[in-house]
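Heads up: the structure comes next, in structure tokens.
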There are 4 protein chains.
Amino acid sequence: MAIQRETSRSGKAERRRKELLQVSLRLFSENGYDATSIRDIAREAGVTEGLLYHYFKGKKDLLKTIVQESVCDGVVFEQLDQIDLLPMEEAVCRIGTHLLENLKNKKEIFKLMLSEARLFEEDNDHFIPKLIYQNSMLRFGAFLKKRMERGEIREMDPVLLARQFSGSLVAFFLFQEILLGKTVTDVPAEHFLKCLIDVFLHGIRKCEQ
Amino acid sequence: MAIQRETSRSGKAERRRKELLQVSLRLFSENGYDATSIRDIAREAGVTEGLLYHYFKGKKDLLKTIVQESVCDGVVFEQLDQIDLLPMEEAVCRIGTHLLENLKNKKEIFKLMLSEARLFEEDNDHFIPKLIYQNSMLRFGAFLKKRMERGEIREMDPVLLARQFSGSLVAFFLFQEILLGKTVTDVPAEHFLKCLIDVFLHGIRKCEQ
Amino acid sequence: MAIQRETSRSGKAERRRKELLQVSLRLFSENGYDATSIRDIAREAGVTEGLLYHYFKGKKDLLKTIVQESVCDGVVFEQLDQIDLLPMEEAVCRIGTHLLENLKNKKEIFKLMLSEARLFEEDNDHFIPKLIYQNSMLRFGAFLKKRMERGEIREMDPVLLARQFSGSLVAFFLFQEILLGKTVTDVPAEHFLKCLIDVFLHGIRKCEQ
Amino acid sequence: MAIQRETSRSGKAERRRKELLQVSLRLFSENGYDATSIRDIAREAGVTEGLLYHYFKGKKDLLKTIVQESVCDGVVFEQLDQIDLLPMEEAVCRIGTHLLENLKNKKEIFKLMLSEARLFEEDNDHFIPKLIYQNSMLRFGAFLKKRMERGEIREMDPVLLARQFSGSLVAFFLFQEILLGKTVTDVPAEHFLKCLIDVFLHGIRKCEQ
DNA sequence: TATGAATGAGGCTTCATTCAT
DNA sequence: GATGAATGAAGCCTCATTCAT
């Protein structure tokens, strides 16, 4: 009876799968993993609860898949090497902008990873949030190290500097999202970033009086 | 009616109450609010579940009480005014140290407040974590503003600077706690703080070329 | 989506639902709402407690559904208009018989509604027992009014007369059910009704000395 | 230390006991037996829960005591014999008024007895509500029987007549209390009673056309 | 694929009652 | 008399998951 419905059977299935992941991510991020029920997800996705188990092994599998698929395609600071040739100022500006873009685009997953970090601690080896964080700091650190070697900035622990800069931006973003919500005191992130870059650059530059 | 409170009976009761709060805070912080059951708390405290409801109205009340009693006696940056007379370097150092101490002492509650921020959103007026954050940043900002007026540092949005400095430290601390856990890559927070202060001071000082 | 409803699966479901309602009504009526536990109902229906929540939102929903579905299909005195043409004697007899039938058939629900009236007071607008009572009295009253206008009976407040007649029968029936239980002193309701009609007709007839 | 507090130790105790009974009756009547907790009663009476068990054996004992003490001092229709000499009209009027007074004064206990009748079924022999009802109807019936023997009214089953008259009034009163609450449609009970007496007297009188 | 009935375990909470103080 | 801490059982409900259809 159903005619011409299945232009591509796997197409519809794939769309369903993606939507389930999307809905799950949103709900997990908004309400927390434990406070989100399978029923919530199914209802929001317009699907029955049972069907969810055709696409995923269970609730935990949903979470794991979300983290894997959401983050792997575009790890933070992946294209950072290309900026070794830029002037310091512009390079740091790109790094900051890149990080901010990432935070904005992956707001939900970042919030989730922080709130529910403990849920990933089982696969201790492949705890993805941890890896992302460490790799990103290493890349950023490597970039700074080169500049130190070129004598452009002061000699300091480069990874600590990276954590300092990134942490500042991440904290600003998350506090704005998590704590302040939509408050009048909101400040545009770009405004903050500009100030941060300014201070950071002044702070690390070689400044022989 | 009776005012005496320290008889052996009410003393024990008070101790119980405190222990319940303490155990709850630890479990909430470790496993998350939703993932911690009343049974867990009662078991850990060596108490029947029912008794918990003699001391608290319910699970939510437990959380609310924790936040109120844990935080209110010592808001962050409360004694900050006293340092207006110190040299800039030492002042910032004190601020940083104070914040770090706070983070260390109230590690559990800070982690909880960030992870489960959504749980407090109901009492929109008295959302304590938000208030603490805002007040702290205002105090820190006010301190910086005075220094600007004295011409000791550059003119910039003082609250943004405060958020920048604090966010960096908080992010470092929480990431270490939440993401990295007890990893070999751990860096002593004091080390990080020293570096942060260094860069920050350089970054904001008035640097007449 | 699918409109067919009578497959063997959904058929069984519907039967289950009905049985749950039936069992609930019986237990609520026998033991009272508060004294009947969900477990009691589930056990009696041969079902797990959890399943009950697949069919109903909760205990209160069970009660609400019972009242709605039990009563709405056949409001008391609904077919009363058709008797305006009958001789007074037979008309009142039919009314009484109709009411008695109703009391017998819906014994459980009537007992429940009276015993647990307070449970319905929330939906103040649609408090069904109240509406049923009021509507029934209005219909009965309208019938009597016509007879007064035709000069067949004395002029009195028709609704009060209706309440007088009905209340007498209801009280008899419920007392027999509630207070006396299965006692030897039981009197057949039909016997009482005959006496009631007799006195009532004599009492309201126009009796020109 | 406590001076001159105990004018009569048992006086205070007795007052407490009475108040506990009074509060219990009110709450049981308003919310039902099962829905009223010991804590509710204690709180409302300004007493701790534990103390309640010095005065009563438990919740059930409270209920039993309420029924016994509330009703025994002034059973319905107790002074009815004195009216055998009155004219029929006035006699019935007194009976009705007496019943109505009783209903008004003991509103709470009557409502409770009807709602929670099942709670008394254990002492099957001394089920007080049942006894009261039966005794009252017997007395009323005896009164009517005498009038029949004197030829003042028609020959009918006197107890049935008593139940008819009383049931009507009781039903009116309880429906007004339970179902209608404080509604605009309320009718003064005295109004109803007058109508009831009128019809009843007409209905039972010997009326040879 | 897709449904939704069914389960069993566990979660939060209330309560009548006891008892040391 | 009086308190209120403590208990254990039970109550209502939610949930992740399975499975016949």
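Labels below follow one simple rule: chain letters A, B, ... track the order of the sequence lines, proteins then strands, and each chain is numbered from 1.
When the nucleotides E/dT3, F/dA2, E/dC12 are ranked by their closest atom to the side chain of D/Tyr55, F/dA2 comes out on top. Each of F/dC12, E/dA6, F/dG8 was ranked by its minimum atom distance to the side chain of C/Glu49; first place goes to F/dC12. The listed nucleotides are F/dG8, E/dA6, F/dC12; the one nearest the side chain of B/Thr48 is F/dG8. Minimum atom distance to the side chain of B/Ser37 is reached by E/dG11, of the listed E/dG11, F/dA16, E/dT1. Closest to the A/Lys12 side chain, of the nucleotides E/dA16, E/dA2, F/dA6, is E/dA2.
Of all nucleotides present, only F/dA5 satisfies the Watson-Crick or G-U wobble test against E/dT18, with each distance under 3.5 Å.
Between the CD1 atom of B/Ile38 and the P atom of F/dT7 there is a distance of 15 Å, given to the nearest Å. One atom, CG of B/Asp40, and another, P of E/dG11, lie 7 Å apart when rounded to the nearest Å. Rounding to whole angstrom units, CZ of residue C/Arg39 and C1' of F/dG11 are separated by 7 Å. For the pair C/Leu51 CG and F/dC13 P, the interatomic distance rounds to 15 Å; values are reported in whole Å. Rounded to whole Å, atom P of E/dA6 lies 12 Å from atom CZ of C/Phe56. E/dT1 atom C1' lies 17 Å from atom OH of A/Tyr53, rounded to whole Å. Rounded to an integer number of Å, the gap from CZ of D/Arg43 to P of F/dT3 is 15 Å. As a whole-Å value, the separation of C/Arg17 CZ from E/dG4 C1' is 15 Å.
Judged purely by atom type and a 3.5 angstrom limit, D/Glu44 has no side-chain atom pairing as donor or acceptor with the backbone of D/Val23. The backbone N or O of B/Thr36 lies less than 3.5 Å from a partner atom in the side chain of B/Lys59, making a donor-acceptor pair.
Both C/Leu52 and B/Gly50 sit near DNA chain E, but only C/Leu52 has its closest nucleotide nearer the 5' end. Each of A/Gly58 and C/Asp34 was matched to the nucleotide of DNA chain F holding its nearest heavy atom; the match closer to the 5' end belongs to C/Asp34.
Within the 4.0 Å cut-off from OP1 or OP2 of E/dT1, not a single side-chain nitrogen or oxygen of A/Arg16 is found.
Of the charged side-chain nitrogens involved, at least one lies within less than 4.0 Å of a carboxylate oxygen, so that A/Glu14 and A/Arg17 count as a salt-bridged pair.
Counting all heavy atoms, side chain and backbone alike, A/Glu30 lies closest to B/Arg118 at O-CD, 3.4 Å.
With C/Phe56 as the aromatic partner, C/Lys64 does not meet the cation-pi criteria of under 6.0 angstrom to the ring centre and within 45 degrees of the ring axis.
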